[in-house]
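The next block holds one structure in the form of structure tokens; read it before the comments.
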Amino acid sequence: MNVLQTIILSGLAVAVGMSCTSGQPQGEQVDSAKTLKEAYADKFYVGTALDLGQIKGHNVAALEVVQQQFNSIVAENCMKSENIQPQEGVFFFDDADKFVELGEKNGMHIVGHNLIWHSQAPDWFFVDKHGNDVSREVLTERMRNHIHTIVSRYKGRIHGWDVVNEAILDNGEYRPSKFYEILGEDFIPLAFKFAHQADPEAELYYNDYSTAIPAKRAGIVRLTKKLQDDGIQIDGLGMQEHHGLSHASLEETEKTIIDFANLRVKVMVTEMDISVLPHASPHVGAELADTAAYNESFDPYKEGLPADKMNELGARYVSFFNLYLKHQDKISRVTLWGVGDGDSWKNNWPIEGRTDYPLLFDRHYQPKPFLVDILELAN
Ligand code: G3I
């Protein structure tokens, strides 16, 4: 029996005995124990991002939670261009193949992340052998080849793609990435066109963070309308939802859900987490370039999260899930950006080496006390 079969069988066994409120002993039969995917089955997909250890089957505890609780998965890193085509023409698919196989074995909705992103793009993508910027034609062909090679490999297996990631700044302008410098805004329709050519059945998404900022929301609406006016297929808009205890506001988030849905595309929450730590970056969201030096005062919960903070975190999660449920007719998926707190990028961004508590399961993959509240919302 291989690791995956073990996980599926043990996962089923644990699902029967597992409680949704932390502290209840494992193995105790909990009649009404529902999981996230069961509670939200008729609302929207509930997904999670998988890291490499989970994809390779090394983290059985995490995979049990994934198998029990979620019906959608996305690869946190292994499908990014620096990992999947590190050198021109040299593709590395081992990890991405394992990711897709894991999703198929568990009958999951599988999301590819991401095809075109300014961050984690290998340098070779934009320069010639002399180190000079390549021409429009060369970059266009490199994008086409990258997208066609990857998307066609998983044709009919990956249900949706984050085709372009984070191309709009908080002020609504285009991000001055190398893609934009060389191709202008044309790189966006080109990416969507190439992805559609490679798999006409796959859903195609634009994905960004801080989408509750009015100027950014307007920029994404403008981008989407232009794609639609030019006859380019775009099926969904991803709101990453990297929140804190005091940002983003529910009111602005709701305006974004409504404005995006009015474009007649699916709205999806693609990378949700809620940091409890003091904010150290001028920006909110996920501007990876924004980092700061370690400072004890910004890392107050190294020894554990006080009950009042856990309650505050739970209230924030409940308020956002309430909002998503209110707009379940518009929202097709809510994906958490990681399984357990120890897996989260937030422990190392914008300050490396902190202890954050941003997800629904703790560092031992036990459900947080407020998970039962999130489950009950769906009743
Ligand atoms: O795998 C290597 C490891 O071999 C090496 O020892 C280690 C130290 O250098 O780095 C490891 O790779 C890191 C990778 O995460 C896996 O842990 C990369 O350096 C690090 O840059 C990468 O960070 C990821 C980040 O995107 C940049 O790709 C985060 O895990 C991931 O959560 C984050 O996710 C992004 C979304 O893709 C897009 N939206 C924003 C979101 C948060 O930034």
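Only a predicted model underlies this, so the values are computations on that prediction, with no experimental measurement involved. Whatever order the structure lists them in is the order used to number ligands and atoms, beginning at 1.
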Original post:
Any chance NZ of Lys302 has more than 12 other-residue heavy atoms, nucleotides or ligands included, within less than 6.0 Å?
Top reply: yes
Subject >> Identified ring-ring contact (aromatic ring centres under 6.0 Å, His included) counterpart of Phe179 within the set Trp117, Tyr174, Phe187 >> reply: Phe187
**OP:** Let me know which protein residues bring a heavy atom to under 4.0 Å of ligand 1; chain then number is fine for ordering.
**Re:** Glu76, Asn77, Lys80, His113, Trp117, Gln120, Asn165, Glu166, Gln240, His242, Glu271, Ala286, Leu288, Trp337, Trp345
**OP:** Verify the distance criterion only: is there a donor paired with an acceptor across the side chains of Arg354 and Asn295 at less than 3.5 Å?
**Re:** no
**OP:** Would you check if there is a donor-acceptor pair between the side chains of Tyr365 and Asn59 at a distance under 3.5 Å?
**Re:** yes
Original post:
If two hydrophobic side chains count as joined below 4.5 Å and joins carry through other members, does Phe44 share a cluster with Val267?
Top reply: yes
**OP:** Would you please classify the geometry between the His146 ring and the Phe125 ring as parallel, tilted or perpendicular, with 30° and 60° separating the classes?
**Re:** perpendicular
